[in-house]
There are 2 protein chains.
Amino acid sequence: MASQPHPFDPLSPEEIAGIANVVRTSYASADPLFRVITLAEPPKAEMIKYLEREAAGDVQRPPKRVAKIHAYISNAFHELKVDVNSKSILSDVVLKGRHSHVDSAYMKQVEEACLRDDRVKGALESLVLPKGATVIVEPWTYATDGMNDMSSRITMCWSYMRFSDHLDTNYYAYPLEIVAEVSESLEVIKIYRLPTGASDREEDTSGNNAKMYDQRKVHSSSEYHPDLNTQRRSTTKPLNIVQPEGPSFAINGNKIEWEKWTMRVGFNYREGLTLHDIRYDNRSLFYRISLSEMFVPYGDPRAPYPRKGAFDLGNDGAGVNANNLKLGCDCLGHIKYFDAWHVISSGDPLKLPNVVCCHEQDDGILWKHTNFRTGNAVVTRSRLLVLQTIITVSNYEYIFLFYFSQDASIHYEVRATGILSTAPIDIGSNVPFGTVVAPGVLAPYHQHLFCLRMDPAIDGHKNSLVVEESVAMPFDTTATTVSEKHAAKSNPFGVGYTSTSTTVSHETGLDLDHTKNRTFKIINESSINSTTGTPVGYKLLPCYSQMLLAHPESYHAKRSEFGEHAVWVTRYEDEEIFAAGNHTLQSLGGEGIASWIKKRAEKEGNSGVKDKDIVVWHTFGSTHNPRIEDWPVMPAEKMIVGLKPVNFLDRNPALDVEISSQHVNRSVLVGEKEPKIVDKEKEKARL
Amino acid sequence: MASQPHPFDPLSPEEIAGIANVVRTSYASADPLFRVITLAEPPKAEMIKYLEREAAGDVQRPPKRVAKIHAYISNAFHELKVDVNSKSILSDVVLKGRHSHVDSAYMKQVEEACLRDDRVKGALESLVLPKGATVIVEPWTYATDGMNDMSSRITMCWSYMRFSDHLDTNYYAYPLEIVAEVSESLEVIKIYRLPTGASDREEDTSGNNAKMYDQRKVHSSSEYHPDLNTQRRSTTKPLNIVQPEGPSFAINGNKIEWEKWTMRVGFNYREGLTLHDIRYDNRSLFYRISLSEMFVPYGDPRAPYPRKGAFDLGNDGAGVNANNLKLGCDCLGHIKYFDAWHVISSGDPLKLPNVVCCHEQDDGILWKHTNFRTGNAVVTRSRLLVLQTIITVSNYEYIFLFYFSQDASIHYEVRATGILSTAPIDIGSNVPFGTVVAPGVLAPYHQHLFCLRMDPAIDGHKNSLVVEESVAMPFDTTATTVSEKHAAKSNPFGVGYTSTSTTVSHETGLDLDHTKNRTFKIINESSINSTTGTPVGYKLLPCYSQMLLAHPESYHAKRSEFGEHAVWVTRYEDEEIFAAGNHTLQSLGGEGIASWIKKRAEKEGNSGVKDKDIVVWHTFGSTHNPRIEDWPVMPAEKMIVGLKPVNFLDRNPALDVEISSQHVNRSVLVGEKEPKIVDKEKEKARL
């Protein structure tokens with residue numbers, strides 16, 4: 001890293017340590033408990049000027065480098081901003097009634113407190129578990145359901161068991177009926193006995209309803225760890241990616257250059273991977289792209305299950321939960337890994353090694369044409385630049401991938417994998433909101449709703465969102481004879497169609513409609529393509545998904561406003577990064593994207609987004625009604641979003657990609673004895 | 001190939017030659033002009049029995065091997081069936097008023113006749129083309145528009161030009177205004193002068209309206225051939241797929257075995273690649289899958305453009321137009337190629353070499369889980385089996401790919417590439433149904449509608465189609481207090497949702513609805529998953545697409561009935577393979593999938609499809625309003641359809657895939673100087 005960091009560079013470990021020291025010095029007697037020390041990205045207005053100066057070769061005047069700190073100081077939740085270089089505290093606010101993201105050290109304490117509690121012990125005893133069972137308590141954040149005061153932290157402790165001593169036993173295969181609610185001060189407030197039949201509710205937990213564990217639930221098919229599941233196919237032969245001349249990318253600090261693309265990699269505890277200042281062939285495309293938030297509400301209506309609803313970014317943090325990616329396991333070929341730095345409670349920097357991998361992939365044919373008159377084929381192969389990060393959130397994993405293509409398109413892919421969240425169910429029972437995936441194991445229905453935040457800068461920062469639809473022209477049936485049809489003004493054959501284009505005028509949420517070929521384009525009205533005569537743009541290739549199923553008046557809906565519509569457009573605001581609000585843990589709603597829009601509209605009328613600095617948000621995901629094939633670890637389910645240039649360039653930008661040749665690609669023919677028949681020259685088979 | 005072919009094996013060249021001889025002998029004086037000699041697949045009822053016997057080790061009694069022949073005999077279009085072994089003619093029908101698929105030799109004659117015609121010459125002269133221009137005539141099939149008698153062949157000859165002597169010049173960059181209509185007997189019937197402005201119609205072609213070619217249309221940016229477009233990026237470094245132990249598949253004749261999958265590869269002149277008897281882990285999944293038809297209607301309403309509407313399978317043939325795939329160019333790694341055999345007009349067999357490639361690909365992570373308590377990550381990589389075929393239809397190419405996955409899913413992908421069909425437009429003009437992609441070059445709006453035919457055999461041949469939707473439970477707002485909510489019977493928190501399931505009772509067309517998470521499942525009601533307690537099934541992951549835009553009363557719509565709905569279910573009938581009918585060239589409509597359903601319903605009431613031998617058809621594609629980035633050769637546009645097991649197996653079938661390891665994968669770390677900071681052990685960062 002250069003001695004002077006780029007304004008988008010995450011804080012270095014030295015910077016983190018220095019900032020912690022500033023806060024510790026300021027609160028010398030309080031012993032602050034640090035949760036976050038991260039870069040506060042410079043105001044966009046300043047960064048735009050900086051990027052302009054940078055393009056002109058002037059990097060001497062970066063914006064003020066500022067750190068944002070979350071810390072508990074004398075039990076109060078503080079958010080501070082500190083000038084990284086002058087070490088001065090710029091602001092210090094106590095966020096009353098709000099909570100930091102999940103504190104894993106605290107959660108460990110909750111787990112221990114729960115297992116120590118006599119009433120919990122008694123309740124577990126009432127299950128009369130089989131000999132050798134070890135109970136495992138898994139603390140979950142509390143999804144607000146209106147039944148507790150949310151100003152203090154409450155944790156739900158769900159219980160499971162394992163028989164084996166092997167610590168990688170899949171205990172999710174043995175969900176137990178006992179759940180405990182634990183207070184901020186580590187007191188067990190309430191114990192629930194979960195419903196386990198088709199129609200029942202919570203059961204009495206007084207302990208006098210002891211019943212023997214149903215031995216029919218014991219099974220051996222739910223293990224995934226190779227020590228425990230030794231049945232392995234040996235048919236898959238090795239496949240290696242060999243890059244004899246190394247990768248096609250060049251990395252300088254956090255800047256990536258690859259095949260006409262340039263961008264900067266960022267990373268923070270919450271969003272994980274962020275991308276900045278994305279350009280193609282020196283033309284500006286996006287100021288910033290990141291996953292803004294995700295929400296996983298469960299569909300089991302029975303108390304206390306409505307408390308299962310996870311904001312995996314806001315509550316847990318995609319950055320702090322990012323996997324250390326392993327060479328040859330998570331990615332193939334020539335891999336560049338990026339590390340990140342977080343902070344531990346003492347304020348010491350914590351290395352998060354290999355949290356992002358950068359590599360290339362072949363993606364089949366990029367473009368091809370055969371001239372049927374000459375028989376000459378010209379074919380190019382598609383090479384992709386891949387930036388991958390993977391997070392583990394308790395039982396589940398998400399793989400997040402950005403793909404950059406030589407044709408100037410970007411694809412964002414989410415792969416859902418890992419282990420389903422499970423609940424106990426009686427043998428022989430079924431419920432309409434879950435799938436029985438193993439004996440006694442219910443995998444409840446749930447949704448995964450992701451919100452991708454795209455801050456466009458298509459040829460500059462004044463952009464508009466356009467909704468385009470393809471519509472049939474009215475069928476002109478007045479013309480009946482040949483000559484009339486030839487002379488008809490409009491659509492005498494009923495085959496004509498055109499596209500309609502509507503610029504979105506104010507901040508709003510919009511829905512998808514494939515029946516109209518509804519297309520969302522981000523355009524720059526001032527930058528006209530000289531050939532097509534239309535504004536340059538990029539179009540969104542959405543991932544068609546069902547939106548949030550929870551009732552609009554439910555807390556799930558109030559807390560995840562972004563889940564109401566597939567596409568949102570807002571005016572750019574520095575503080576509006578997280579679509580469900582800044583603090584989602586036990587949030588009460590009313591602070592997400594819809595609220596921003598509503599508040600601005602009330603204050604200043606509908607906020608114009610035409611030819612303005614705008615942000616486009618795409619909500620997508622899956623309604624995941626589990627299959628048994630998703631158990632015990634689910635095969636990755638892919639969800640894909642795309643961004644493609646539309647009349648942005650002057651032709652196919654990948655026209656210059658090298659023609660594919662066996663000389664370079666060195667493939668191997670799999671031989672078979674050919675029948676002894678003389679080839680006839682292939683008849684010119686094409687019209 | 002074994003001495004006794006499998007009943008699904010395409011005809012061998014010896015068989016083709018033998019059949020041609022039978023027909024020639026029968027019509028000794030007529031000199032038949034052969035168009036097709038292909039396998040008539042055995043009746044399914046017989047094949048089901050055969051496949052059962054085959055599974056039991058008895059392959060001695062194959063069904064009768066029959067060839068289907070299309071031939072012009074004394075100018076009449078015959079369809080014959082011949083017993084391949086006994087050489088006896090089983091049937092011989094003259095298809096009056098119908099036409100065979102495109103005859104490239106005849107089309108060449110049309111082209112020459114057109115260029116010889118004095119009126120055409122005069123019309124071309126009236127364009128006053130630049131010096132050195134060579135006019136190229138491109139014959140197109142005539143999409144019925146109601147303006148001619150369709151019982152004889154009519155060809156539309158569109159004209160282009162090139163300046164360069166290089167035969168791979170992109171002449172589509174110079175569309176000319178002159179179009180000729182040519183009769184079956186090679187007479188020029190009519191000459192059109194195309195409209196070239198925004199609102200005008202066809203123009204006078206009398207020749208006295210000569211106008212100088214607009215030199216502003218001359219440009220140099222539309223060439224794609226490496227001889228003519230020498231600007232090539234040199235930044236893309238080689239990437240090789242190395243398989244040190246060879247591929248993981250085994251090929252025996254046309255049978256492929258790979259990672260628990262077995263299937264048979266078929267191929268015919270019309271559908272190209274077909275797949276038969278697809279099984280996973282010895283369980284039957286699909287009797288046959290193939291692309292049934294595709295239709296490409298153009299949206300320019302001005303005569304004579306409504307005559308542009310291509311059935312690329314029925315009119316042209318995906319088989320006869322299949323590319324000879326090149327090692328290292330069209331596919332990487334260890335490649336097995338399949339050849340096919342067609343027939344030339346004399347009856348001699350014609351080899352179509354390397355029309356299908358079979359290879360493997362890595363597809364990133366298949367499944368992963370990290371136990372946050374132990375930190376142990378278990379990760380497997382996804383390997384795919386890929387079967388690829390590519391067709392060239394004049395200016396355009398389609399890449400068709402089947403992907404088989406270790407997790408028992410199948411994906412079908414279409415990539416559209418090649419050169420856009422173009423039309424002339426005046427400099428400065430624009431039209432609402434096309435994009436100006438280069439000076440004077442209009443790329444009209446069009447649709448690509450594909451119909452994938454899936455003949456399921458999910459655990460047997462009696463299957464049903466189920467429509468499943470995810471629906472919110474009614475919000476029970478009567479409970480308000482905590483205890484009431486805990487005791488409430490239904491959905492007191494407003495978060496519950498369930499799925500509804502409706503078995504389709506009769507043959508019909510259905511639409512997609514992502515807002516309801518509408519899912520189409522093919523199930524076997526008699527085969528119950530012992531864990532989930534529900535019928536085994538496979539679900540369709542549709543490609544969300546706009547359906548046909550042409551008016552229902554237009555010929556485009558009448559001829560492409562499958563374009564009305566996204567999903568169709570019909571009762572299995574041996575003769576119902578082609579969703580737009582058996583003979584699409586100049587067809588008049590009323591013989592596609594909707595007509596089959598309607599006719600059966602009229603005859604016998606709604607035809608039941610519950611627990612029957614059914615066929616499921618999926619219509620998908622793109623409304624292609626060209627971007628300038630699609631010019632001069634478009635980057636491949638992907639459309640993807642999936643099929644996934646749903647409660648078909650007893651768990652994730654890829655659980656046994658070998659754990660990913662650097663020992664096998666041998667990736668390479670891209671190094672960078674690390675800052676000299678001592679790592680701290682990563683805090684257990686997870687809840």
Side-chain angles (χ1 to χ4, degrees), chain A residues 102 107 167 233 237-238 240 242 245 248 299 301 303 306 320 327-329 334 336 344 351 367 369-370 374 379 392 407 417-418 432 470 472 475 486 491 493-498 514 517 544 546 549-551 554 623 627-628 633 635 646-647 656 660 662 664-665 667-668 670 679 683 685 687, chain B residues 102 104 107 167 233 237-238 240 242 245 248 299 301 303 306 320 327-329 334 336 344 351 367 369-370 374 379 392 407 417 432 470 472 475 486 491 493-498 514 517 544 546 549-551 554 623 627-628 633 635 646-647 656 660 662 664-665 667-668 670 679 683 685 687:
Chain A
V102 165
M107 284 302 211
L167 294 176
R233 61 175 91 182
K237 299 198 176 156
N240 303 131
V242 174
E245 299 175 20
S248 314
V320 291
L327 192 71
C329 300
H334 283 236
K336 156 70 184 173
I344 61 173
K351 188 175 186 176
W367 57 263
H369 182 59
T370 301
T374 63
V379 56
T392 299
D407 70 0
T417 180
S470 295
F475 190 179
H486 276 266
N491 183 28
F493 299 94
V495 306
Y497 79 89
T498 60
H514 67 274
N517 192 38
Y544 285 91
Q546 187 174 37
L549 275 160
H551 192 278
S554 68
T623 296
R627 311 173 296 155
I628 196 168
V633 180
V646 181
N647 304 329
D656 62 351
S660 183
Q662 170 64 2
V664 172
N665 295 327
S667 294
V668 175
V670 175
D679 284 16
E683 188 183 44
L687 179 255
Chain B
V102 164
S104 55
M107 285 301 210
L167 293 177
R233 61 174 94 183
K237 300 197 176 159
N240 303 131
V242 175
E245 299 175 22
S248 314
V320 292
L327 191 71
C329 300
H334 283 236
K336 156 72 185 172
I344 60 172
K351 188 175 186 176
W367 57 263
H369 181 59
T370 302
T374 63
V379 57
T392 299
D407 70 1
T417 179
S470 294
F475 190 0
H486 275 267
N491 183 27
F493 298 94
V495 306
Y497 79 88
T498 61
H514 68 273
N517 192 38
Y544 286 91
Q546 187 175 39
L549 275 160
H551 192 277
S554 68
T623 296
R627 311 173 296 156
I628 196 169
V633 180
V646 181
N647 305 330
D656 62 351
S660 183
Q662 169 64 2
V664 172
N665 294 328
S667 294
V668 176
V670 174
D679 284 18
E683 189 184 42
L687 180 250

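All chains are named by letter (A, B, ...) in the order of the sequence lines, taking the proteins before the strands, and each is independently numbered beginning at 1.
- Using a distance-only test at 3.5 Å, with no hydrogens or angles considered, no donor-acceptor pair links the side chain of A/Asn665 to the main chain of B/Pro238.
- Between the side chain of A/Asn517 and the backbone N or O of A/Ser470, no donor-acceptor pair lies under 3.5 Å.
- Chain B forms the most heavy-atom pairs under 4.5 Å with one residue out of A/Tyr544, A/Tyr497, A/Phe475, and that residue is A/Tyr497.
- The greatest number of non-hydrogen atom pairs below 4.5 Å with chain A, out of B/Ala472, B/Ser667, B/Ser660, is found for B/Ser667.
- No other option in A/Val668, A/Val633, A/Thr370 has as many heavy-atom pairs under 4.5 Å with chain B as A/Val668.
- Ranked by non-hydrogen atom pairs under 4.5 Å with chain A, the options B/Val379, B/Leu167, B/Thr498 are led by B/Thr498.
- No side-chain donor-acceptor contact under 3.5 Å links A/Asn240 to the backbone of B/Asn240.
- Among the candidates B/Gln546, B/Arg627, B/His334, the residue making the largest number of heavy-atom pairs closer than 4.5 Å to chain A is B/Gln546.
- Heavy-atom distances place the side chain of A/Asp407, and not its backbone, under 4.5 Å from chain B.
- Heavy-atom pairs under 4.5 Å with chain A were tallied for B/Ile628, B/Val242, B/Thr417; the largest tally goes to B/Ile628.
- Interface remark: of the candidates A/Ser554, A/Ala550, A/Ser248, A/Ser248 forms the most heavy-atom pairs closer than 4.5 Å to chain B.
- Taking both residues in full, the closest heavy atoms of B/Phe493 and A/Pro301 are given as CD1-O, 4.1 Å, listed atom of the first, atom of the second, then distance.
- Comparing A/His369, A/Glu245, A/Gln662 by how many heavy-atom pairs each has under 4.5 Å with chain B, the most go to A/His369.
- Each of A/Gly496, A/Gly328, A/Pro306 has some count of heavy-atom pairs under 4.5 Å with chain B, and the biggest count is that of A/Gly328.
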